[in-house]
Q: 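Quick one: this structure, given as structure tokens, is what I'll be asking you about.
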2 protein chains.
Amino acid sequence: MNNSEDVVDFVHNGHKRYLPHLSIDCVIFGYHDQQLKILLIRYHDQENWSLPGGFVERREALTAAAHRILYEKTRLTNLFLQQFYTFGDSPIRLDHIEIQNNHNKVYAKANVAISDDHWLSKRTLSIGYYALVDYQAVTITPEFLVEGYSWVDINSIPPLQYDHNEIIDKALVTLRSQIYQQAIGQNLLPEKFTLPEIHSLYESILDRQFDRRNFRKKLLALGLVTQLEERRKIGQHRSPFLYAFNPEIANKPFEAGAMTAF
Amino acid sequence: MNNSEDVVDFVHNGHKRYLPHLSIDCVIFGYHDQQLKILLIRYHDQENWSLPGGFVERREALTAAAHRILYEKTRLTNLFLQQFYTFGDSPIRLDHIEIQNNHNKVYAKANVAISDDHWLSKRTLSIGYYALVDYQAVTITPEFLVEGYSWVDINSIPPLQYDHNEIIDKALVTLRSQIYQQAIGQNLLPEKFTLPEIHSLYESILDRQFDRRNFRKKLLALGLVTQLEERRKIGQHRSPFLYAFNPEIANKPFEAGAMTAF
DNA sequence: TCAAAAGTGTTTGAGATACACCCATGT
DNA sequence: ACATGGGTGTATCTCAAACACTTTTGA
């Protein structure tokens with residue numbers, strides 16, 4: 001929604017197009033500067049940041065909706081995207097007064113008011129999806145009602161709107177448990193990466209330290225990555241080797257317990 | 001819903017009481033006769049069996065709704081209940097003709113017809129919950145529209161209505177991955193149980209064999225269970241010792257990797 | 001006494017963990 | 001030359017895996 005007319009149309013006709021009482025919220029993980037980050041957005045006249053989200057079209061498959069919403073925000077397709085939980089317990093999801101008030105501030109920018117029985121004022125459950133994206137590849141799309149975007153370190157997430165902090169917590173727990181079954185790194189790193197890069201990525205995700213030598217040994221023993229002949233120039237210091245994921249091994253879920261530790 | 005009037009009221013007024021487009025389906029696991037089983041139900045005039053399910057009241061927390069539905073079916077409270085996925089991709093969940101036809105057969109028993117724009121004819125996403133119950137403790141509650149209940153071995157699940165086979169598959173995958181983080185057995189076994197019982201339970205859930213000696217060693221090493229002094233009389237053969245879960249250890253999630261294998 | 005199920009201990013090997021010194025690079 | 005980060009190998013220890021005979025019980 002890039003202009004005021006689109007927004008007005010959405011407010012007036014969205015209920016015909018989208019399923020009511022239901023939204024999708026996306027926890028978009030990216031990795032940059034040795035830190036695991038999440039993409040947050042701030043809507044017009046809102047103090048708190050939120051997760052990017054959207055609605056499900058009436059005849060759209062749920063997974064397709066999540067991919068569409070992600071595409072609208074990041075212009076990325078074919079990314080790693082996974083549903084992790086559906087949120088419908090928080091008081092904010094039972095009583096809608098706060099949501100209605102916030103909506104009224106946001107949509108004031110397009111001069112529309114949200115009445116008490118408007119479809120956007122109704123109780124809304126949210127289906128949580130998390131995505132792993134290559135930070136560098138994301139193109140933020142400006143939207144009329146969105147005043148700011150920010151990649152925030154997972155250790156410095158501020159208080160967010162509604163139950164979004166809870167959603168992020170659950171996404172992180174899920175991500176951490178998936179890391180031993182899937183080659184998570186593949187989706188967060190560029191095609192070629194150095195050992196220190198993937199090493200510190202895993203340390204960020206799991207929030208603990210691993211021995212450099214053992215970490216490399218394990219990755220190679222699993223056949224997950226291959227060491228290339230190239231090195232990357234990093235200026236002042238010794239040039240580290242580049243590595244790449246082995247698609248055959250990285251693209252299938254690991255056998256039970258293949259990766260239990262580093 | 002125990003009689004025709006309740007059903008008629010539900011069909012006519014359910015849309016005021018429940019959220020539209022959304023249901024909860026429950027995969028209820030029980031253990032009996034050395035086999036892991038699932039509780040299925042068959043509605044009036046339906047050929048295929050289904051998962052027990054229900055709807056979410058408009059101002060009811062999601063978790064509360066799941067517990068209520070489970071209680072209505074089994075009369076059990078405080079059971080282990082966990083959300084595992086929300087289903088909205090299957091074609092059956094986009095196009096509702098088949099669902100409407102089936103509903104018309106079912107509700108014919110109460111002499112009500114479901115029109116094309118009736119709330120029960122709309123596209124419905126389903127939130128999947130799985131429950132672990134003590135088989136012996138379940139009291140099946142008869143319902144007007146339900147013609148049969150059955151505990152079915154997970155290895156002999158017949159083709160079910162809609163995408164319910166897919167829901168069960170996902171529940172099983174989730175259960176199997178949770179077994180290493182939670183003392184799953186605690187919810188499926190009576191308070192006191194024998195080693196052969198819990199041994200074969202784990203074999204059923206994970207669909208593989210474990211060495212008796214190693215299995216016992218691991219359980220005791222984790223402190224998960226305690227051997228009691230009592231034995232159980234099992235007739236013709238040697239009386240096995242009884243065991244009980246250690247609540248302090250069994251009730252908290254295991255540390256990462258505590259239980260990676262047997 | 002026999003059939004069926006339960007009880008029990010030791011050995012082996014794989015893999016996780018711990019650990020420290022040398023090398024490359026630009027300033 | 002030096003500061004900074006990158007590269008590499010070995011020894012130990014823990015724990016999973018493999019394995020078979022004896023005991024109990026009622027018919």
Side-chain angles (χ1 to χ4, degrees), chain A residues 33-35 179-181 185 189 192-204 206 208-244 249 254-262, chain B residues 33-35 176 179-181 185 189 192-204 206-244 249 254-262:
Chain A
D33 220 7
Q34 315 247 83
Q35 292 185 317
I179 205 173
Y180 292 115
Q181 272 119 261
L189 292 167
K192 296 172 180 182
F193 50 89
T194 67
L195 200 59
E197 280 170 347
I198 189 173
H199 179 222
S200 108
L201 167 64
Y202 274 71
E203 290 192 335
S204 305
L206 292 171
R208 42 181 286 236
Q209 316 250 103
F210 301 108
D211 180 88
R212 297 214 309 281
R213 289 160 290 190
N214 294 338
F215 183 77
R216 173 168 181 273
K217 218 182 305 173
K218 182 75 195 236
L219 251 45
L220 292 174
L222 284 170
L224 202 58
V225 300
T226 315
Q227 184 168 353
L228 308 176
E229 311 229 323
E230 297 172 74
R231 289 154 178 269
R232 169 176 295 161
K233 284 267 184 298
I234 53 161
Q236 190 161 4
H237 306 295
R238 181 171 182 170
S239 309
F241 283 100
L242 287 172
Y243 290 76
I249 294 178
F254 308 151
E255 298 160 36
M259 185 133 124
T260 49
F262 291 99
Chain B
D33 221 6
Q34 315 248 79
Q35 292 186 318
R176 284 181 178 144
I179 204 173
Y180 291 116
Q181 271 120 262
L189 292 167
K192 297 173 180 181
F193 49 90
T194 67
L195 201 60
E197 280 170 345
I198 188 171
H199 178 223
S200 108
L201 168 63
Y202 274 70
E203 289 191 335
S204 306
L206 292 170
D207 198 24
R208 42 181 287 237
Q209 317 250 103
F210 301 106
D211 181 89
R212 298 217 305 282
R213 289 159 290 190
N214 293 339
F215 183 77
R216 173 169 182 272
K217 219 183 302 174
K218 182 75 194 236
L219 251 46
L220 291 174
L222 285 170
L224 202 60
V225 301
T226 315
Q227 184 168 352
L228 308 177
E229 312 229 321
E230 297 172 74
R231 289 155 178 267
R232 168 175 299 161
K233 282 268 185 296
I234 52 161
Q236 188 159 7
H237 306 294
R238 182 171 181 169
S239 310
F241 281 101
L242 287 171
Y243 289 76
I249 293 180
F254 308 152
E255 298 160 39
M259 185 134 125
T260 50
F262 292 99

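The chains referred to below are lettered A, B, ... by the order of the sequence lines, with proteins before strands, and numbering in each begins at 1.
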Q: Return a single string for nucleotides 18-27 of chain D, one symbol per nucleotide in 5' to 3' order, where B is base contact, S is sugar-phosphate-only contact and - is none, cutoff 4.0 angstrom on heavy atoms.
A: BBB--BBBSS
Q: Please give me the minimum heavy-atom distance between A:Lys192 and A:Arg232, naming the atom from each residue.
A: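 That closest heavy-atom pairing would be O-NH2, 3.5 Å.
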Q: Let me know the distance between CG of A:Leu219 and P of C:dA16, rounded to the nearest Å.
A: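 To the nearest whole Å, that distance equals 12 Å.
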Q: End-to-end bend of the helix from C:dT1-D:dA27 to C:dT27-D:dA1 (five-pair axes, 10° rounding)?
A: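 For the helix from C:dT1-D:dA27 to C:dT27-D:dA1, the axes at opposite ends meet at about 0°.
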Q: Quick check: closest heavy atoms across B:Leu219 and B:Ile198, and the distance to 0.1 Å?
A: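 It is CD2-CD1, 3.9 Å.
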Q: Any idea which heavy atoms bring A:Ser204 and A:Gln34 closest together, and the distance?
A: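 Minimum heavy-atom separation between A:Ser204 and A:Gln34: OG-O, 3.4 Å.
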Q: I need the NZ-P distance between A:Lys218 and D:dG9, as an integer number of Å.
A: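 It is 20 Å, rounded to the nearest whole Å.
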Q: Starting from P on C:dA16, measure out to OH on A:Tyr180 and report it in whole angstrom.
A: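 Distance, rounded to whole Å: 11 Å.
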Q: Could you tell me which non-hydrogen atom of B:Ile249 sits nearest to which non-hydrogen atom of B:Leu222, and how far apart they are?
A: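 Nearest pair, atom of B:Ile249 first, then B:Leu222: CD1-O, 3.5 Å.
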Q: Should we count CD of A:Gln209 as having more than 12 external heavy atoms under 6.0 Å?
A: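 Open.
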Q: Is the shortest heavy-atom distance from the side chain of A:Leu195 to the side chain of A:Pro240 under 4.5 Å?
A: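 They are not in side-chain contact.
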Q: Rounded to whole angstrom units, what separation is found between the CZ atom of A:Phe215 and the C1' atom of C:dA18?
A: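 From A:Phe215 CZ to C:dA18 C1': 17 Å.
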Q: Could you tell me the separation between the CG atom of B:Leu195 and the C1' atom of C:dA5, rounded to a whole number of Å?
A: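 Atom-to-atom, B:Leu195 to C:dA5, this comes out as 13 Å.
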Q: For A:Arg208 and C:dA18, what is the distance between atoms CZ and C1' respectively, to the nearest whole Å?
A: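 Distance, rounded to whole Å: 14 Å.
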Q: How long is the line joining CZ of A:Phe210 and C1' of D:dG7, in whole Å?
A: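 A:Phe210 atom CZ is separated from D:dG7 atom C1' by 20 Å.
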Q: Round to a whole Å and report the spacing from CZ of B:Arg216 to C1' of D:dA17.
A: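 Roughly 18 Å, once rounded to whole Å.
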Q: Rounded to the nearest 0.5 Å, how far does NZ of B:Lys233 lie from CZ of B:Arg231?
A: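 Interatomic distance, B:Arg231 CZ to B:Lys233 NZ, rounded to 0.5 Å: 8.5 Å.
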Q: Have a look at B:Tyr202 and tell me which of B:Tyr180, B:Phe215, B:Phe210 forms a ring pair (Phe, Tyr, Trp, His ring centres under 6.0 Å) with it.
A: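 Filter result, single survivor: B:Phe215.
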Q: Between A:Leu224 and A:Tyr243, is any pair of side-chain heavy atoms under 4.5 Å apart?
A: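 A side-chain contact under 4.5 Å is absent here.
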